[in-house]
Structures are given as C-alpha cells and as structure tokens.
Amino acid sequence: MALVAVTVAATPLVLGGCTTERKPAARPAQQVAPSPELTLTPADLSRNVPLSAEVVPLVTGGKITAVRLVDDAGTLVRAEPREDGSAWVPTAPLRPQRTYTAAVTATADSGRTTTRTTTFTTAAASTKPQVTSTLYFADKQTYGTAMPVTIGFDPPISRAARADVQRRLFVTTKPAQPGVWSWVDDGSQVYYRARDFWRPGTTISVRAGLEGLPIGKNQIGDADRTATSRIGRQVALEVDNATKQMRVLRDGRLIRRIPVSLGKRSTPTSSGKMVIMEKYQHTTFDTRGEPNGGYVVNVEDAQRLTWGGEFIHGAPWSVSDQGHRNVSHGCTNISAANADWLMGVTQVGDLVTFTGTEVRLESGNGWTAWNTSWGQFVKGSALPVPADLRPAPAPPARAVAGGVPTPGPSASEG
C-alpha cells in the first residue's frame, strides 16, 4: 500500500520532467472597426455661396444620422433631406452675406461615428436679371383631379439650365402618388403630374425654391414659393364637334348633356385634352389688335381653357345655333342657364376633352400636361426618371408566316 501510494504520487513528477515549458498562445490583434469617412459641401470657409445652397454630405462606410445648421446668430435653420438623402435642403432660402455652420454626423454599422463641420458665407444679393416664376397652384384651394402643378417662366428656361431648376422643385402628396416634372419645348412652362389622375382627397404640397438660384451664367431665380391644397371630386367634360354636345360626368357618371356651338372654320376650337385654368362670374373679351379679333364683349360664367383665349361661357346670342352649327371665335358657347349651372359643378383643374375639330391643341397652350401619353410626358424631364415611373417597354415583335414581323400589342401607358 505504501508503494502504490508513492508511485501514484510520483507520477506527476515524472510526467512533468518530460515536457517542455509552454508559453501562452499570443492573442490575435483585435481589429478596430473604421469610422465613417465624411466630406461636406459647401467646403469649409467657402465664400459667395448661393442663397439656394444645400448641405451635401458625401459619406463612405456609414450613413448620415444627424444634421444641424445654424446661422451666425446661433439660430437653428430648419432643413429637410431630399428623398434620396443626397442633400439637406433649408426650408427657406438663406440670407445674403450671412455665415452659416453645418455640423453633420455619420454613423457606421459598428456604432462608430464621425462628425464634420463646415462654415460658409453666402453671397451678396445678386444684381443679375431675375427669371420671373409663376406658380399656378395656390394655397388652401380645392382642385380637380386633372390639376397639374404648373410653373411658368419669363424668360423661358434654356435646356442647359433646366436640370438645375428642376432640382429645386419639390412636390409631396398624401396619400403618395409619385409623379414627374416635364418641360414644354420652349422652356416657358414645366408641369408635374402622376401617371394617372389624382385621387379625390389627395393633399398636394409644392415648393418652388428658386430664390437666389443661379440659372445659367447670367440669370438668377426670383422667389421661393410654397402652397398646399387638396383634390376634390372627379368631374370631366367631353365635347364632341360631330354631335355639338357636351357631356358632363361626375365620378364617371353622366349627369347632363349640354348643346354647344364651337369655333367656326375661320377660328376653330382646338381638339385635345385641356384643363380648366380660371373661372370668372363676369369678364370682358377685348380682342382689338388680335388676328381674327377686333371686338369687345361682356360675358358671364366664363371658364378659361387655353392661353390663346378659348373659354367655355354663356352665350345667349347663339342659343339657336347651339347643338347645330359652329359660330364662335374659338370658344365653347352654351346657354346662360347651362353656363350658370356648370360654374357650380366644375373646379379649376377639371379635365375637358374636345374631339373632331379642325385643329389640334398646341403643347403649352394652356396646361397641356394630359394632352400626351405618359411615355411622351416623361421624356420632357430634365432629370433621370425613377425606374418605377418609366413607361413599360413595348413588347417584342411577333414573327408571322413568311418571316415578316408584326408589332405586338401596344403597352398601356396610362
């Protein structure tokens, strides 16, 4: 028993003498997650910065989590991000010859952060000629379902400057109905609309943030304009020259037929899709000095459809012609009773479609945003169109006997 005990006790000593000394394994160096890389525009200490400046962060390895902009009095300047997060846009134009400081923080997935600041000074009030902008979308109104957001420019915007202007035009809708801006060829107007008509009850908020915006080399934007309004009930008018009748539809249901007299052959009414632009209980048409004009007449219940002077209005002098023949100078004549009733039914922004007359509606003669297919409309954008708003591609041609392809069915563009 004593031998066994000694042997067992000694065993660890024998084993210990046959092993080399082990050093603890070196721990691998712990990798430290990198912080985001962040640069800002305007660059620090920039001067003569336009009043339309935006804070543009360029971040690698993280995302922007905080932006704070203050003026030289320490007052917070409100700014909102663009939808794609590419820039923070002050909600009002900056003031001339003021100094602003932006502090921007980016955060990586690891939680590490980087904060950068930039301080810049805005330019003095510009002496360059201003481009006059007109926002044809007033605040706190109710519009029809075809109401495009329309902005007019005088002088027109050159093609080279349209992208810069379009970047400063903002529209939000509730519920969301994404749309696209599209320019008239001569640059005198730009329209915003969705693929389809606005849904009744939609709220639309618009900002044309053009004050102090450099437009080309020699011009500057005039003002910052905002408006929020809603879309009312769906009303549409359809006028057929063949029958000399107007159909009035509300929510797709026919509620009245009205006899009309349109423009005579020397002064024809335009065919196409128009939008009611203005409504007057009383107005005067004075066409002295205009081609085919030379008259002055007072009219009641007039609704403008084109810049060229096409209206729907009461015309008691042509009641015997209404429904039978065209005798007007391009307007749509209806009886005084029908004109009074129609004024109570329509809204600015309602669609009016004319068919069968001698001439086509010219682009830009009124708010002609609906007088084209969606595929053609989006081609007027000066900026890339989001993929989900591009028209569907045409289907491939189908092969037929003899190897001659025929086009596939046309794609609906809305």
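The first residue in the sequence is number 1, and the count goes up from there.
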Are the charged groups of Arg233 and Asp251 less than 4.0 angstrom apart, N to O?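 No, this pair does not count.
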State, with a plain yes or no, whether a side-chain heavy atom of [X] is found less than 4.5 Å away from one of [Y].
| X | Y | result |
| --- | --- | --- |
| Gln303 | Thr346 | yes |
| Phe153 | Ser188 | no |
| Thr228 | Asp139 | yes |
| Thr115 | Val104 | no |
| Val248 | Trp341 | yes |
| Leu351 | Thr145 | no |
| Lys244 | His324 | no |
| Thr150 | Pro148 | yes |

Could you go through Tyr192 and Phe137, starting from their C-alpha distance and side-chain angles, then the distance that decides it, and tell me whether this counts as ring pair (Phe, Tyr, Trp, His ring centres under 6.0 Å)? CA-CA 11 Å; Tyr192 184 93; Phe137 190 90; over 10 Å; no
Rounded distance [0.5 Å steps], [atom1] in [X] versus [atom2] in [Y]:
| X | Y | atom1 | atom2 | result |
| --- | --- | --- | --- | --- |
| Glu358 | Leu262 | CD | CG | 9.0 Å |
| Met246 | Glu238 | CE | CD | 10.5 Å |
| Tyr280 | His313 | OH | NE2 | 13.5 Å |
| Tyr136 | Glu278 | OH | CD | 8.5 Å |
| Ile215 | Asp222 | CD1 | CG | 7.5 Å |
| Arg390 | Asp388 | CZ | CG | 9.0 Å |

Any donor-acceptor pair under 3.5 Å linking the side chain of [X] with the backbone of [Y]?
| X | Y | value |
| --- | --- | --- |
| Thr368 | Asn371 | no |
| Tyr143 | Ala138 | yes |
| Thr284 | Val297 | no |
| Lys128 | Lys217 | yes |
| Asp44 | Thr119 | yes |
| Thr357 | Pro268 | no |
| Ser318 | Asp321 | no |
| Asn48 | Ala123 | no |
| Gln245 | Asp240 | no |
| Ser328 | Gly330 | yes |

Would you say that more than 12 heavy atoms from the other residues, nucleotides or ligands in this model lie under 6.0 Å from the [atom1] of [X], or not?
| X | atom1 | value |
| --- | --- | --- |
| Asp109 | CG | no |
| Arg98 | CZ | yes |
| Arg256 | CZ | yes |

Might you point out which heavy atoms bring [X] and [Y] nearest each other, and give the distance in Å?
| X | Y | value |
| --- | --- | --- |
| Ala124 | Gln97 | CA-CG, 3.5 Å |
| Pro36 | Ala108 | CG-N, 3.5 Å |
| Leu361 | Gly272 | CB-CA, 4.3 Å |
| Leu389 | Pro178 | CD2-O, 3.9 Å |
| Ile334 | Gln322 | C-OE1, 3.3 Å |
| Pro155 | Val131 | O-CG1, 3.6 Å |

Out of Asn326, Thr269, Val260, which residue meets the side-chain contact (heavy atoms from CB on, under 4.5 Å) rule with Asn241?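 Only one option passes, and that is Asn326.
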Can you confirm whether the side chains of [X] and [Y] place a donor and an acceptor under 3.5 Å from each other?
| X | Y | result |
| --- | --- | --- |
| Arg112 | Ser35 | yes |
| Thr121 | Thr99 | yes |
| Ser133 | Arg225 | yes |

Working for side-chain contact (heavy atoms from CB on, under 4.5 Å), residues Gln281 and Asp301: CA-CA 5 Å; Gln281 293 289 344; Asp301 299 320; 3.1 Å; yes
Given salt bridge (charged side-chain N to carboxylate O under 4.0 Å, His left out), test Arg95 with Glu211 step by step and report yes or no. CA-CA 10 Å; Arg95 298 294 89 204; Glu211 183 174 335; 3.1 Å; yes
Only one of Thr172, Thr226, Asp224 clears side-chain hydrogen bond (donor to acceptor under 3.5 Å, both in side chains) with Arg207; which?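 Among the candidates, only Asp224 passes.
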Test side chain to side chain donor-acceptor pair (under 3.5 Å) applied to Ser270 and Glu362, step by step: CA-CA 8 Å; Ser270 301; Glu362 295 182 3; over 6 Å; no
Take Trp370 and Thr353, measure what side-chain contact (heavy atoms from CB on, under 4.5 Å) needs, and give me the verdict at the end. CA-CA 10 Å; Trp370 296 98; Thr353 303; over 6 Å; no
Run the side-chain contact (heavy atoms from CB on, under 4.5 Å) check on Asp196 and Trp374 step by step: do they pass? CA-CA 9 Å; Asp196 300 309; Trp374 180 249; over 6 Å; no
Under the side-chain contact (heavy atoms from CB on, under 4.5 Å) rule, what do Arg195 and Gln177 come out as? Steps first, then yes or no, please. CA-CA 8 Å; Arg195 186 189 299 266; Gln177 277 188 267; over 6 Å; no
